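In what follows, a single structure is set out as structure tokens and then discussed.
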Amino acid sequence: MTIKGARLVILGRQGSGKGTQCVRLSQHYVVPHISTGDMLRAAVREKSELGRQAKTVMDGGGLVGDEVMVGLVQARIDQDDARSRGYILDGFPRTVVQAVELDRITQDRGLDVVIDLVVPREIVLTRITARRVCRDCGTNYTVGSVDRRPWLCDNCGGDVVQRDDDTPEAINRRLDLYESQTAPLIEFYGRTSRLVEVNGVGTPDQVFQRLTTTIDARL
Ligand code: AP5
Ligand code: MG
């Protein structure tokens, strides 16, 4: 059976499970998972000029400039895999300016669907506080009752640590910025009937099932 590609945007509050679900969706639809947060964290690890500038902004819970982000995403979706199969965008667009630019750069191959993964603020706060990530491959974990120290990644053996921007101050700043900068995207995409809400509360398997049902209905 041929698996159809897809061009998807996943919106949702910090900690709503975008990263967790996009990894699975990327395998399911065989399309690249393009996470702007992961791209910026890779630049920080490489100590590039972009990484140096982005680190200060990210650690404070702010947003990196629109022009830089649009340039990064445009270069990535112009690569062969995304041109031929599509893409899943996680963490982009994050402002209305980025959404307008995304429409411009994808004119010839527009979005199939934009998903708003809905999880209340109280629940995302608990999830983010318990999140740990692999420093090398980015795999997500949740702190359980057992304290694992040192904690090595099951996937690649890298160190599992807390993200530098998962401090209480940065989390609150990011969530406030979500309300002011990113929530207006819901209205932006709603106007063109590209938006579908999906409930992000439940087990990761339940949420994945809801997502694929919703996406399949639109492809
Ligand atoms: P980014 O990396 O995108 O971070 P974020 O927006 O803060 O989102 P998160 O990664 O925190 O949330 P998520 O929805 O992916 O949740 P996850 O799956 O991990 O961006 C980081 C920074 O980069 C930004 O603050 C900004 O500075 C900059 N940046 C990035 N893109 C930008 C852009 N376009 N413009 C400007 N600046 C940009 O899940 C969270 C936790 O919950 C995990 O521990 C997971 O295991 C757990 N979990 C997941 N699903 C479930 C479930 N169903 N039940 C229980 N637990 C669950
Ligand atoms: Mg993420």
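Note that the numbering runs from 1 along the sequence shown for the chain. These figures come from a predicted structure and were not determined experimentally.
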- request: Find out whether Tyr189 and Leu111 are in side-chain contact, i.e. whether some heavy atom of one side chain is under 4.5 Å from a heavy atom of the other.
  value: yes
Arg7 side chain near Thr106 side chain, heavy-atom distance below 4.5 Å: no
task: Under the salt bridge (charged side-chain N to carboxylate O under 4.0 Å, His left out) rule, what do Arg132 and Asp159 come out as? Steps first, then yes or no, please.
output: CA-CA 10 Å; Arg132 298 294 180 273; Asp159 282 329; over 6 Å; no
- prompt: Hey, is the main chain of Pro204 close enough, under 3.5 Å, to the side chain of Gln21 for a donor-acceptor pair?
  reply: yes
task: Can you measure from CG (Leu211) to CD (Gln206) and round to the nearest 0.5 angstrom?
output: 12.0 Å
- prompt: Any donor and acceptor pair, going by atom type alone, linking the side chain of Ser26 with main-chain N or O of Pro32 inside 3.5 Å?
  reply: no
task: Check the pair Val9, Leu102 against side chain to side chain contact (heavy atoms under 4.5 Å, CB included), reporting the backbone distance first and the verdict last.
output: CA-CA 10 Å; Val9 165; Leu102 180 63; 4.0 Å; yes
message: If you compare all heavy atoms of Leu185 against all heavy atoms of Ala99, which two are closest, and at what distance to 0.1 Å?
response: CD2-CB, 3.5 Å
field: Nearest non-hydrogen partners of Ile128 and Arg174, listed with the distance
entry: CD1-NH2, 4.4 Å
- prompt: Is a salt bridge present between Asp164 and Lys55, judged by a nitrogen-to-oxygen distance below 4.0 Å?
  reply: yes
- prompt: Taking it one step at a time, do Thr20 and Phe208 satisfy side chain to side chain contact (heavy atoms under 4.5 Å, CB included)?
  reply: CA-CA 9 Å; Thr20 305; Phe208 180 68; over 6 Å; no
field: pair Arg41-Arg163: side-chain heavy atoms closer than 4.5 Å
entry: yes
task: Without swapping roles, check the side chain of Thr36 against the backbone of Gly91 for a donor-acceptor pair under 3.5 Å.
output: yes
field: Separation of Thr142 OG1 from Arg127 CZ (nearest 0.5 Å)
entry: 8.5 Å
task: List the steps and the verdict of side chain to side chain contact (heavy atoms under 4.5 Å, CB included) for Glu101 and Asp66.
output: CA-CA 9 Å; Glu101 286 299 296; Asp66 288 331; over 6 Å; no
- prompt: So, Arg104 versus Gln107: side-chain donor-acceptor pair below 3.5 Å or not?
  reply: no
task: Report yes or no: do Val113 and Leu219 belong to one cluster of Ile/Leu/Val/Met/Phe/Trp/Tyr joined by side chain heavy-atom distances under 4.5 Å?
output: yes
query: If you measure from the Lys or Arg side-chain nitrogens to the Asp or Glu carboxylate oxygens, is any gap between Arg109 and Asp78 under 4.0 Å?
result: yes
Asp81 with Arg76: basic N within carboxylate O range, under 4.0 Å: yes
- request: May I ask you to test the Val160-Asp154 pair for a side-chain heavy-atom distance under 4.5 Å?
  value: no
query: Ignoring hydrogens and geometry, is there a side-chain-to-backbone donor-acceptor pair from Ser48 to Val44 under 3.5 Å?
result: no
query: Would you call Arg121 and Asp176 a salt bridge, taking side-chain N to carboxylate O under 4.0 Å as the test?
result: yes
task: First locate atom NE2 of His28, then atom CD1 of Ile88, and finally report the distance between them rounded to the nearest 0.5 Å.
output: 9.5 Å
message: Could you measure the distance from the SG atom of Cys22 to the CD1 atom of Ile34? Nearest 0.5 Å is fine.
response: 10.5 Å
message: When you group the ILVMFWY residues by side-chain heavy-atom contacts below 4.5 Å and let the links chain together, are Leu25 and Met39 in the same group?
response: no
- prompt: Do the side chains of Ile115 and Val124 join up, straight or via other hydrophobic residues, at under 4.5 Å, putting them in one cluster?
  reply: no
message: Between Cys153 and Tyr141, does the side chain to side chain contact (heavy atoms under 4.5 Å, CB included) criterion hold? Intermediate values first, please.
response: CA-CA 9 Å; Cys153 178; Tyr141 295 91; 3.3 Å; yes
statement: All heavy atoms of Cys156 vs all of Cys137, minimum pair found to be SG-SG, 3.8 Å
- line: Here the pair of heavy atoms bringing Ile186 nearest to Tyr178 is CD1-OH, 4.4 Å
- request: Could you tell me whether the side chain of Leu72 reaches within less than 4.5 Å of the side chain of Leu50, counting heavy atoms only?
  value: yes
field: Neighbour count >12 (heavy atoms, 6.0 Å) for atom CD, Gln209
entry: no
message: Would you say Ile77 ends up clustered with Met69 if hydrophobic residues are merged whenever their side chains have heavy atoms under 4.5 Å apart, either directly or through other cluster members?
response: yes
4.5 Å side-chain heavy-atom contact, Leu11 and Glu197: no
message: Taking atom CD as the centre, does Glu49 end up with more than 12 heavy-atom neighbours from other residues, nucleotides or ligands that are less than 6.0 angstrom away?
response: yes
message: With a 4.5 Å cut-off on side-chain heavy atoms, are Val133 and Asp166 touching?
response: no
- prompt: Do Arg13 and Leu175 come within less than 4.5 Å of each other through their side chains, counting heavy atoms only?
  reply: yes
message: Strictly below 4.0 Å, N to O, side chains only: are Arg85 and Asp80 in salt-bridge contact?
response: no
task: State whether the number of non-hydrogen atoms from other residues, nucleotides or ligands found under 6.0 Å of Gln79 atom CD is greater than 12.
output: yes
- prompt: Just how far is it from atom CD of Gln98 to atom CD1 of Ile105, taken to the nearest 0.5 Å?
  reply: 10.0 Å
Closest heavy-atom pair and its distance - Asp136, Gly158: OD2-CA, 3.3 Å
- prompt: Linking I/L/V/M/F/W/Y whenever their side-chain heavy atoms sit closer than 4.5 Å, directly or via other members, would Leu195 and Leu89 fall into one cluster?
  reply: yes
message: If you count every heavy atom of other residues, nucleotides or ligands that lies below 6.0 Å from Arg131 atom CZ, does the total exceed 12?
response: yes
Donor-acceptor pair, side chain of Asn199 and main chain of Val201, under 3.5 angstrom: yes
field: Residue pair Ser16 / Gly12: nearest heavy atoms and the distance that separates them
entry: OG-C, 3.5 Å
query: Are the aromatic rings of Tyr87 and His33 close, with centres under 6.0 Å apart?
result: no
- prompt: Under a 4.0 Å N-O cut-off, is there an ion pair linking Arg173 with Asp165?
  reply: no
- request: Check for a donor-acceptor pair, side chain of Arg45 on one end and backbone N or O of Arg135 on the other, with a separation under 3.5 Å.
  value: yes
